[in-house]
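Labels below follow one simple rule: chain letters A, B, ... track the order of the sequence lines, proteins then strands, and each chain is numbered from 1.
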Amino acid sequence: MKERLEKLIAAAARDLFSIDTSTKLTRPDENFGDYATNVALQIAPQLEKTPREIADQLQLKLTETLAEYCNNITIAGPGFINIKLKDSALWDQAKAEFARTASGQKIVIEYSDPNPFKILHAGHLYTSVVGDAVANLLDSTGAAVHRVNFSGDVGLHVAKTIWAILFYESDGKLDSDIAWQKVQSLADKPLEEKSNWLSGYYIKGNAAYVDDQNKAKDSINDFNQKIYKIFEVNDHNSSLAQIYWTCRGWSYGYFDKFYERIGSHFEKYYPESGTIELGLKTVREHIGDVFKESDGAVVFNGEDHGLHTRVFITSQGLPTYETKDIGLLIEKWQDYHFNRSIVITANEQAQYMAVVLKAIEQFAPELAKASQHITHGSIRLQGNVKMGSRLGNIIRATEVLDSVNEANTALNGKKDDRVVLGAVKYAFLKQRLGGDIIFDPAESVSLEGNSGPYLQYAYVRAASMLSKTESDTLPADNLQADERKLLLKIGEFQEVQGRAVNELLPHHVCTYLYELAQTFNQFYEGNRVIGNDREAIRVQLVRCYARTLKTGLELLGIPVIDKM
RNA sequence: GCGCCUGUAGCUCAGCUGGAUAGAGCGUUGGUUUCCGGUACCAAAGGCCGCAGGUUCAAAUCCUGCCAGGCGCACCA
């Protein structure tokens, strides 16, 4: 509807003044109209007329050409043209489906990216929720969306953890047989406990590495190579390898359980270990033309492109994250032949990723061009304090869910995981991507006001009403003011979804859904539906509203509830 | 030091492809229930939109400088 009107207005301007405009319609204050355009103000200078004169001429013309959709076109202020839609146009708009703008396209979206052997913290919860919402948005455009997950199953953090297990379980002797016995003895423990056990050793290993206790640094670097070696020779038998594979399995098992709890689903996991060979091969092939050797390492000279210079292969001959990311992108390409590849991470990776993509651009420009990196802020504690495992103030992902569960149970006397998820996801998504999120376990996730449960409750009300009626008549004209206001708001959804997709910003959907639910709650207060003599029309309206709210909540990955 | 991001009400944030009186939630104060589910609704108080210039008929929005905070800058991920 909006695009149609914009085209008609552009056509009118062309007819009247032989001028091309690219003016967009906006949603003005409800007192002015349903749509507004400032086209008269914009073209006035070049036509050397007053905006008011132009607006007058346009008003006459548009009253004619927009007659099918609009019944009132007025001029206000310095020359704004305000348009009021017919009720029938409002109904059409409210019932429209999403435009399938990316139908036939393949999109690979990678997000969440947890590290085995390390803690799954609040930041992982946040990035997962964001990724789900962005993927859902893309899905709504008709594209085939493939959700994948990249996880660091090799690398220094793994060496730190394994080293610490060996060191502390065998009294500093680094005896893998003794450590393996310990690992086996934990077999029957719950996944959560195993995961905590591992992340505890990561913290110890990291501390030892940083402080270089007991010459730990060299020793850990040595273990790093040993772990890469496990993959090189496909070792599943040595006690070190058994410790590695067993603990790795615990981590992945724990991730699966977590994703199930929050409703995330990945089509494929790409472990870093699987990207090494392809990454190394690719980088080595391009030593000379893209990469160069420097101090025994292989680097990409980002400074030539206004970026940082980064190491791709260390002087030990090991691939860094950079090289793994190259292998990963090529592997994704081989798997999917995507039109678009999107990676979501925290802000701190932004400039790093720019270097990797610039390097790829040198030898595979089409891959780099199809790739997009979007980033978000991190979770910070009250008082703008950063979380960090070494600071001992990490909030586990499950702690966030548990604390909200506690608050919700206290509020209404019973536990409901759907409401907890609604509250947490909405709290994270309602903020524009990019900035940090200040998280206070006690207060940040609200259950009232602008919150997930508010939306869920606003749906419950409508669902409850609809269960009490059989009414199924067609919509009618001559809407009353409150009815019209609600229908107008419902009709805004397509525009909001379009904008959220274009900008890959889910918070637009949150903002809109909250306004929509607010409009509905206001309508609900003042207008009886069931048993009213306008029941037929109002039931149609409520159906339309409920459908819109449900679709919106689904885009955000928030559970839709009939009764709560 | 260089680069990127951020600065809007007491707090947490929308608004930033320039437009009409700068919005919401929480918190504070005061109201609303014979009636479809009160996790609701209504109202009040609360703003040099970080500061200073510039562009424009029009700037929270665009440009420049400064101040404050965050992130990144070679063998971690």
Visitor: Between B:U39 and A:Arg418, is there an OP1 or OP2 to side-chain N/O distance shorter than 4.0 Å?
Guide: no

Visitor: How far, in whole Å, is B:G46 from B:C62 if one measures between their P atoms?
Guide: 29 Å

Visitor: Taking the side chain from A:Lys160 and the backbone from A:Asn224, do they hold a donor-acceptor pair closer than 3.5 Å?
Guide: no

Visitor: Which part of the nucleic acid does A:Asp325 contact within heavy-atom distance under 4.0 Å: base, sugar-phosphate only, or nothing?
Guide: nothing

Visitor: Do you see a donor-acceptor pair shorter than 3.5 Å between the side chains of A:Thr519 and A:Gln522?
Guide: no

Visitor: Is there a donor-acceptor contact under 3.5 Å linking the side chains of A:Tyr426 and A:Asn450?
Guide: yes

Visitor: Can you list every pair that meets salt bridge (charged side-chain N to carboxylate O under 4.0 Å, His left out) and has a residue in residues 501-516 of chain A, with sequence neighbours left out?
Guide: A:Lys489-A:Glu515, A:Arg499-A:Glu503

Visitor: Look at the side-chain N and O atoms of A:Gln351 and state whether any lies under 4.0 Å from the OP1 or OP2 oxygen of B:G3.
Guide: no

Visitor: In dot-bracket form, how is RNA chain B paired, counting a Watson-Crick or G-U wobble pair only if both its distances are under 3.5 Å and using | for bases paired to another strand?
Guide: (((((((..((((.....[...)))).(((((.......))))).....(((((..]....))))))))))))....

Visitor: Distance between the P atoms of B:A9 and B:A22, in whole angstroms?
Guide: 15 Å

Visitor: Using the C1' atom as the reference point in each nucleotide, state the distance between B:G31 and B:U21 in Å, no decimals.
Guide: 26 Å

Visitor: Please classify the nucleic acid contact of A:Leu156 as base, sugar-phosphate, or nothing, using heavy-atom distances under 4.0 Å.
Guide: sugar-phosphate

Visitor: Side chains of A:Asn521 and A:Arg461: is there a donor and an acceptor less than 3.5 Å apart?
Guide: yes

Visitor: For A:Tyr514, what residues pass the ring pair (Phe, Tyr, Trp, His ring centres under 6.0 Å) criterion, not counting sequence neighbours?
Guide: A:Tyr454

Visitor: With the criterion set at under 5.5 Å between ring centres and under 30 degrees between planes, would B:A24 be stacked on A:Tyr514?
Guide: no

